[in-house]
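Contents: one structure, followed by commentary.
The basis for the numbers below is simple: all heavy atoms, side chains too, and nothing from hydrogens, waters or symmetry mates. Keep in mind that this is a model prediction, so the values were computed, not measured.
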Amino acid sequence: MNYRDNTKKINIGSVTIGGGSPVAIQSMTNTETSDIEATVAQILALEKAGCDIVRCTANTIEAAQAFDKLKERTNVPLVADIHFQYKLAIEAIEHGADKIRINPGNIGSEENLKAVVDAAKSHNVPIRVGVNSGSLEQQFIDKFGGVTAEGIVESALDKVRMIEEQDYDNIVISIKSSDVLMSVKTHQLISERTNYPLHVGITESGTLWSGNIKSSVGLGIILSQGIGDTIRVSLTGDPVEEVRTAKLVLKTLGLNNEGISLVSCPTCGRTKIDLIGLANETEKLIANYPKLNIKVAVMGCAVNGPGEAREADLGIAGGDGVGLIFKKGEIIRKVPQEALLGELKKELDNWDK
């Protein structure tokens, strides 16, 4: 099996994936790409949240030609998402896209694909080959008796072969399904048959609530097996939420040290403070410190609170309308409940200064 340490290294702008590189976080804008102001604003928000690579649709000539303008005002590599219209892939490449995402099966004739690959070659732009279970070709459905992991793998490798026959191997593979266990099996199977880096995600996973659960389960299983070089959490919602979830998944698996870890107790009858509100507000607060690698505890009573708060780098142990602020195992002050969040923010703003 080709684990992430053994996959081929691919450069996407300034970001390298594969070959033991850190697992890169991706998301996708949901603006009209040709709306430069709106798209730049969303890319910058994704950057701030900790996104490494951003994909934008290139569904019109205006969108395909917008990439150079977007790159002038942003910092992360940008990927052009192309379907059906091969000329848009060429336009996006010529206007600065750092990678293109295509399905060679729907890009048209062999001549069309050759034109896209030739453009990618001349600009040294990687091609992400994307195959989803929902668009699996009939020939693979017939061969394997339905939509199966085996069929998805065969389809993906068939598309890879089409590009390799054009003498190009600057390739990333993406194989996705909304079925979590099918996705797991698909990635296990393909990692045994290729060393191209894999873009991992559970496609069409759902809303912020259900999508986070499905994505976390699927990504957790796949990544924990050493498979996957770059990931996207696909959610029906604000793309920034995708990045926050992805960061936490990687941090939980020990694959990323960036971002604050939050622990908070589940509340019980001993709690004499608005712990639920305080924990939710703390979670929103720490999202503003995506590069800070510390543990923050928000605890609600005297049973586990002081101990957990002391084990954290920074913590709150609630009392009856008041709370203790802990820092690196020491109580630094006692403040009223309404002042706790503000005091926590002060400590985060001045961490290690």
Side-chain angles (χ1 to χ4, degrees), residues 22-23 25 27 45-52 208-209 212-213 215-216 219-220 223 231 233 235 237-238 240-353:
V23 178
I25 295 172
S27 185
L46 289 167
E47 286 182 21
K48 183 179 178 181
C51 193
D52 300 305
L208 188 60
W209 183 76
N212 269 333
I213 294 172
S215 291
S216 297
L219 289 171
L223 291 168
I231 64 171
V233 175
L235 299 175
D238 185 343
V240 169
E241 296 297 336
E242 298 183 350
V243 178
R244 290 173 179 166
T245 300
K247 286 175 69 70
L248 186 53
V249 168
L250 293 180
K251 192 172 182 69
T252 302
L253 294 170
L255 296 173
N256 187 339
N257 290 323
E258 291 185 349
I260 297 174
S261 293
L262 175 65
V263 296
S264 60
C265 67
T267 77
C268 67
R270 294 186 300 268
T271 306
K272 302 299 181 184
I273 196 170
D274 178 18
L275 186 68
I276 295 174
L278 183 59
N280 285 330
E281 289 302 314
T282 300
E283 188 170 54
K284 293 177 185 176
L285 174 64
I286 64 176
N288 297 313
Y289 304 86
K291 300 295 184 181
L292 202 55
N293 179 26
I294 63 172
K295 180 180 178 182
V296 171
V298 180
M299 310 306 292
C301 75
V303 175
N304 295 316
E308 288 284 355
R310 284 192 178 95
E311 288 180 9
D313 297 289
L314 189 62
I316 294 170
D320 189 357
V322 298
L324 301 175
I325 302 290
F326 285 82
K327 183 176 182 180
K328 297 182 178 178
E330 300 294 331
I331 298 173
I332 56 175
R333 54 189 169 275
K334 179 179 180 180
V335 298
Q337 173 179 316
E338 59 271 17
L340 284 169
L341 197 66
E343 293 299 310
L344 194 65
K345 184 179 185 303
K346 286 180 185 177
E347 294 300 325
L348 292 171
D349 288 341
N350 294 285
W351 191 259
D352 283 341
K353 286 186 177 178

Table please: side-chain donor-acceptor pairs of residues 281-289 below 3.5 Å, with sequence neighbours left out.
from: Thr282; atom 1: OG1; to: Leu278; atom 2: O; distance (Å): 2.7
from: Asn288; atom 1: ND2; to: Leu285; atom 2: O; distance (Å): 3.3
from: Tyr289; atom 1: OH; to: Asp349; atom 2: OD1; distance (Å): 2.5

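For Asp238, the side chain to side chain contact (heavy atoms under 4.5 Å, CB included) partners are Val240, Glu241, not counting sequence neighbours. Scored by the salt bridge (Lys or Arg N to Asp or Glu O under 4.0 Å) test, Lys251 finds no partners at all (sequence neighbours excluded). For Ser216, the side chain to side chain donor-acceptor pair (under 3.5 Å) test picks out no residue, with sequence neighbours left out. Among residues two or more places apart in sequence or in another chain, the side chain to side chain contact (heavy atoms under 4.5 Å, CB included) test is passed with Ala339 by Val335, Pro336. Looking at residues two or more places apart in sequence or on another chain, you find a side chain to side chain contact (heavy atoms under 4.5 Å, CB included) between Ile332 and Ile325, Lys327, Glu347. Residues that satisfy the side chain to side chain contact (heavy atoms under 4.5 Å, CB included) test with Lys334, not counting sequence neighbours, are Val322, Leu324.
The heavy-atom pair separating Cys51 from Ser27 by the smallest distance is SG-N, 3.6 Å. Shortest non-hydrogen contact noted between Gly50 and Val243 is C-CG1, 3.7 Å. Shortest non-hydrogen contact noted between Ala279 and Leu262 is O-CD2, 4.1 Å.
Taken from CD in Glu47 to CG in Asp52, the straight-line distance is 10.0 Å, to the nearest 0.5 Å. Put simply, CD1 on Ile316 and CG on Leu341 are 7.0 Å apart, with the number rounded to the nearest 0.5 Å. Taking CD1 of Ile231 as the start and CG of Leu223 as the end, the distance is 5.5 Å to the nearest 0.5 Å. Within the model, atoms CH2 of Trp351 and CD1 of Ile294 stand 4.5 Å from one another, a figure rounded to the nearest 0.5 Å. Separating the CD atom in Glu242 from the CG atom in Leu208 is a distance of 10.0 Å, to the nearest 0.5 Å.
Counting heavy-atom neighbours within 6.0 Å of Ile276 CD1, excluding the residue itself, gives a total of 12 or less.
Using a 4.5 Å heavy-atom cutoff, the side chains of Glu343 and Lys346 are in contact. At least one side-chain heavy atom of Leu348 sits under 4.5 Å from a side-chain heavy atom of Ile260. The shortest distance between side-chain heavy atoms of Thr252 and Leu248 falls below 4.5 Å.
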side-chain contact (heavy atoms from CB on, under 4.5 Å) between Leu219 and Leu253, intermediate numbers included:
CA-CA 10 Å; Leu219 289 171; Leu253 294 170; over 6 Å; no
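Counting only distance, with no hydrogens or angles, the side chain of Asn256 and the backbone of Lys247 share no donor-acceptor pair below 3.5 Å.
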